[in-house]
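Here the structure is a predicted model, which means the values were calculated and not measured. The chains referred to below are lettered A, B, ... by the order of the sequence lines, with proteins before strands, and numbering in each begins at 1.
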Amino acid sequence: MIDVRLLRIDPDGVRVSLARRYKPELLEQLDVAIALDVQARQISTRRDDIRAKVNELSKAVGLAKRSGDEAAAEAAQAESRELGAEEHALGAQADDVQNELREVLLRIPNLPHPDAPDGGGDHENPLVKGPIQMPESFADHRRVPHWETAAELGILDSERATKIAASMFTMQRGAGASLARALCQLALDRNADVFEEVRPPTMVSTSTLTATGHLPKFADDAYAIERDDLWMIPTAEVPLTSMYAGEVVDESQLPLRLMAYTSCYRREAGSAGRDTRGMLRSHEFDKVEILALATPEQSPALLTELVDRAEGTIASLGLPYRIIEICTGDMGQSHHRSFDIEVYAPGCDAWLEVSSISWFADYQARRADIRFRRAGQKGTEIAHTLNGSALAVPRVWAAIVENFREPDGSVIIPDVLRPYMRGLERITA
RNA sequence: GGAACGGUGGCAGAGCGGACAAAUGCAGCCGCCUUGAAAGCGGCCGGCUCGAAAGGGCCCGGGGGUUCGAAUCCCUCCCGUUCCGCCA
């Protein structure tokens, strides 16, 4: 959520900033929010005045009764009773307007960082690094889609996954399953030096899914367990961000670095029929997420740190990759600034997004009510959150199968993964 | 799922219709003492919100109600602990 106070202090600044997202309807919503805020304050000021009077009268009743002046007490009671009705009505009105304002505010996206590149869509995302480890050319034996190679090697069984669950679910078998797990262990081990490993719930409450910005606007993208009022997480970002919801942490504890290996569940509501083959898009996949809770001052360096961490893992696998920055028109709702790491998959001839690293400023923390206290200072401040995928399994899995395919159809396992795969060097049929 | 007891400030914990933003202790901050520290002593010490300020309002798990007045009484939901049941 953006800060309502910003709407009052600098509405034009907010307008200009939001305009960079290239969604004209946002500016209309903004005007609605500003109007509601004015209205809400007017009503609650009036209600507060009446309440003050009621409080005063109530005190007078107490005093009068104690001094035995029944007549005065009754007069004050009568007056207070009348005011009470008015206060009640105004209170209800104020609540309504405030709820309405909150509903609108929850759907207004974050303001882009001034340095975030301007652009109307993903075609305008600038390249900031790479390609790295990109060969001059790819031999024909590497131009085979991973689902074909995987079928020959018997390491992917999408038919049975569909039978067991539904379409767009995948199942890895044998060395394919080991490879998926090895990738997670690699990512965890590479970040365990400073990130605390967490095994969070993968089903969360409505308020938890709201804190990260996934609700209310993107309810269709998440799996709901309506009977128990729970949601399946689309990413470990969701539970990790809310770990400190409603808490005030000490500045000395920041930055807090957390990581988690979880399954992620996505309905992929808008993508039916897209990427139905192989491992490019799936309703359930594994991912290692890294996340930081920080002060505003710490945030920029942490953003770089998270990008470096994600990049380092991809580089260690020897995959060709590049880094792009997400432009204002393509950024997610909660994002303040955002980078993607893409791996090249020669078989599909596509750049696959394998990691997304984002800085949310105080947008999520305000929703989650995560604050910190500066040493020796009064009051609290909203914290900053940042997170990124340390490694998302399916697309990296696919990229490995395509990039490291040998002429004989086998797949070479990257060195760094072998210790996690019982020393396996090559997947053969 | 059933029963009992609970949910109060950063933490612990009193209060159970009016003078309560809330005792007390711990932690924290400032000062005195001290070569320095500890102990001791004195003082300060919750959050949110409206307002230029003065000042006002809200917050004792959430919501609703009773009352002139609710942390305190009633209803309801949520969460926790213990016991029983069930279960990996």
Side-chain angles (χ1 to χ4, degrees), chain A residues 1-11 33-103 105 199-211 225-231 239 242-254 256 293 295 362 365-383:
Chain A
M1 217 153 47
I2 57 174
D3 190 349
V4 231
R5 276 171 299 191
L6 260 186
L7 300 187
R8 316 208 266 249
I9 299 164
D10 185 19
I34 292 172
L36 284 171
D37 177 50
V38 170
Q39 205 188 336
R41 278 183 295 151
Q42 280 171 352
I43 297 171
S44 51
T45 301
R46 276 203 285 152
R47 184 205 44 196
D48 286 358
D49 289 346
I50 293 175
R51 271 222 259 252
K53 228 168 275 170
V54 169
N55 287 343
E56 216 175 289
L57 285 167
S58 295
K59 256 176 210 153
V61 172
L63 286 174
K65 286 209 164 161
R66 232 163 287 132
S67 63
D69 188 348
E70 285 299 325
E74 262 172 53
Q77 274 181 31
E79 194 183 342
S80 181
R81 224 190 317 258
E82 253 172 67
L83 286 172
E86 195 181 339
E87 190 235 293
H88 200 78
L90 278 172
Q93 233 185 91
D95 287 352
D96 286 351
V97 176
Q98 264 153 22
N99 286 337
E100 217 179 314
L101 172 61
R102 185 178 155 79
E103 280 303 310
L105 239 33
R199 208 342 298 221
T202 55
M203 288 159 72
V204 298
S205 67
T206 297
S207 70
T208 296
L209 200 61
T210 304
I225 322 261
E226 285 180 49
R227 187 171 137 152
D228 296 293
D229 195 22
L230 289 167
W231 303 78
S242 283
M243 273 176 67
Y244 289 87
E247 298 189 29
V248 179
V249 305
D250 213 76
E251 184 187 15
S252 61
Q253 286 181 266
L254 300 177
L256 225 83
L293 200 65
T295 68
D362 59 9
R366 179 170 294 105
R367 287 167 162 248
D369 189 26
I370 306 168
R371 291 168 296 161
F372 72 97
R373 197 188 308 280
R374 289 194 193 269
Q377 266 181 254
K378 292 190 64 166
T380 56
E381 254 179 79
I382 312 271

- Query: Starting at the 5' end of RNA chain B and moving along, which residue's nearest nucleotide shows up first, A/Ala52 or A/Leu57?
  - Reply: A/Ala52
- Query: Considering only the C1' atoms, how many Å lie between B/C75 and B/A19, rounded to the nearest integer?
  - Reply: 30 Å
- Separation of atom CG in A/Leu254 from atom C1' in B/G10, rounded to whole Å: 15 Å
- A/Leu63 CG to B/G69 P: how many Å, rounded? 16 Å
- Scan every strand shown for a Watson-Crick or G-U wobble partner of B/G80, both distances under 3.5 Å, and answer none if you come up empty. B/C5
- Query: How long is the line joining CZ of A/Arg374 and P of B/C29, in whole Å?
  - Reply: 17 Å
- Query: Where along residues 74-84 of chain A does a heavy atom come under 4.0 Å from RNA chain B, residue by residue in number order?
  - Reply: A/Gln77, A/Ser80, A/Arg81
- How many angstroms lie between CG in A/Leu293 and OH in A/Tyr244, if you round to the nearest 0.5 Å? 8.0 Å
- Between B/G51 and B/C68, how far apart are the C1' atoms? Round to whole Å, please. 28 Å
- Note on the structure: Using Watson-Crick geometry (N1-N3 plus N6-O4 or O6-N4) or G-U wobble (N1-O2, O6-N3), each under 3.5 Å, B/G36 is paired with none
- Just wondering, are more than 12 heavy atoms of other shown residues or ligands nearer than 6.0 Å to CD in A/Gln253? yes
Where do N or O atoms of nucleotides 85-87 of chain B meet protein N or O atoms at under 3.5 Å, pair by pair?
none

- For A/Arg5, salt bridge (charged side-chain N to carboxylate O under 4.0 Å, His left out) partners two or more places apart: A/Asp3
Measure all distances between protein nitrogen or oxygen atoms and nitrogen or oxygen atoms of nucleotides 20-23 of chain B, and list the pairs falling under 3.5 Å.
none

- Distance in angstrom units between A/Asp69 CG and B/C68 P, rounded: 18 Å
- Rounded to the nearest 0.5 angstrom, the CG-OG distance for A/Asp369 and A/Ser207 is 11.0 Å
- Message: Just to be sure I understand the rule, does A/Asp49 reach a base, reach only the sugar-phosphate, or reach nothing, if contact means heavy atoms closer than 4.0 Å?
- Response: nothing
- From the list B/C68, B/C58, B/G47, which nucleotide is the closest neighbour of the side chain of A/Val54? B/C68
- Task: Provide, to the nearest angstrom, the distance between the CG atom belonging to A/Asn55 and the C1' atom belonging to B/G57.
- Result: 8 Å
- Message: Suppose you measure atom P in B/G28 against the same atom in B/U76; what distance do you get, rounded to whole Å?
- Response: 45 Å
- Evaluation steps, side chain to side chain contact (heavy atoms under 4.5 Å, CB included), between A/Leu36 and A/Leu105: CA-CA 10 Å; A/Leu36 284 171; A/Leu105 239 33; over 6 Å; no
- Message: Rounding to an integer number of angstrom, what distance separates B/G47 and B/A22 when you compare their P atoms?
- Response: 14 Å
- Which whole number of Å gives the distance between the P atom of B/G42 and that of B/C33? 16 Å
- Item | Partner residues of A/Ser242 under the side-chain hydrogen bond (donor to acceptor under 3.5 Å, both in side chains) criterion, sequence neighbours left out | none
- Using Watson-Crick or G-U wobble geometry with both distances below 3.5 Å, tell me the partner of B/A54, or none. none
- Item | Of all pairs that satisfy side-chain hydrogen bond (donor to acceptor under 3.5 Å, both in side chains), the ones with a partner from residues 69-80 of chain A, not counting sequence neighbours | none
- Note on the structure: Pairing partner of B/C60, by Watson-Crick or G-U wobble and under 3.5 Å for both distances, is none
- Message: Suppose we define a pair by two distances each less than 3.5 Å, Watson-Crick or G-U wobble; what does B/C11 pair with here?
- Response: B/G25
- Task: Find the distance A/Arg371:CZ to B/G9:C1' and express it as a whole number of Å.
- Result: 12 Å
- Query: Tell me, which of residues 86-98 of chain A have any heavy atom that sits under 4.0 Å from an atom in RNA chain B?
  - Reply: A/His88
- Message: Base, sugar-phosphate or nothing for A/Val248? Non-hydrogen atoms, less than 4.0 Å.
- Response: nothing
- Query: Roughly how many Å is it from CG in A/Asp3 to P in B/U49, rounded to a whole number?
  - Reply: 8 Å
- Separation between the P atoms of B/C29 and B/C79, rounded to whole Å: 38 Å
- Message: Applying side-chain hydrogen bond (donor to acceptor under 3.5 Å, both in side chains) as the test, list every pair that has at least one member in residues 82-97 of chain A; sequence neighbours left out.
- Response: A/Arg51-A/Glu87
- Query: Can you tell me how far CD1 of A/Ile50 sits from CZ of A/Arg46, rounded to the nearest 0.5 angstrom?
  - Reply: 7.5 Å
- When you compare B/A70 with B/C59, how far apart are their C1' atoms, in angstrom units rounded to a whole number? 13 Å
- Task: Mind running a 4.0 Å heavy-atom check of residues 40-48 of chain A against RNA chain B and sending the residues that fall below it, in number order?
- Result: A/Arg41, A/Thr45, A/Asp48
- Item | side-chain hydrogen bond (donor to acceptor under 3.5 Å, both in side chains) involving A/Asp10 - partner list, sequence neighbours excluded | none
- Looking at the side chain of A/Lys65, which of B/G47, B/G18, B/G56 is the nearest nucleotide? B/G18
- Checking N1-N3 plus N6-O4 or O6-N4 for Watson-Crick, or N1-O2 and O6-N3 for wobble, each under 3.5 Å, the partner of B/G42 is B/C30
- Atom-pair distance (CD on A/Glu247; P on B/G9), nearest Å: 13 Å
- Task: Just jot down the salt bridge (charged side-chain N to carboxylate O under 4.0 Å, His left out) partners of A/Glu381, sequence neighbours excluded, or say none.
- Result: A/Arg374
- Query: Taking the C1' atom of each, how far is B/G85 from B/G17, in whole Å?
  - Reply: 41 Å
- Apply side-chain hydrogen bond (donor to acceptor under 3.5 Å, both in side chains) to A/Asp362 and list each qualifying residue two or more places apart in sequence or on a separate chain. A/Arg366
- Message: Distance check, rounded to the nearest 0.5 Å: A/Glu251 atom CD versus A/Thr380 atom OG1?
- Response: 12.5 Å
- Task: Output the distance between atom OG1 (A/Thr202) and atom CG (A/Leu230), rounded to the nearest 0.5 Å.
- Result: 10.0 Å
- A/Asp37 bridged to A/Arg41 by N-O distance under 4.0 Å: yes
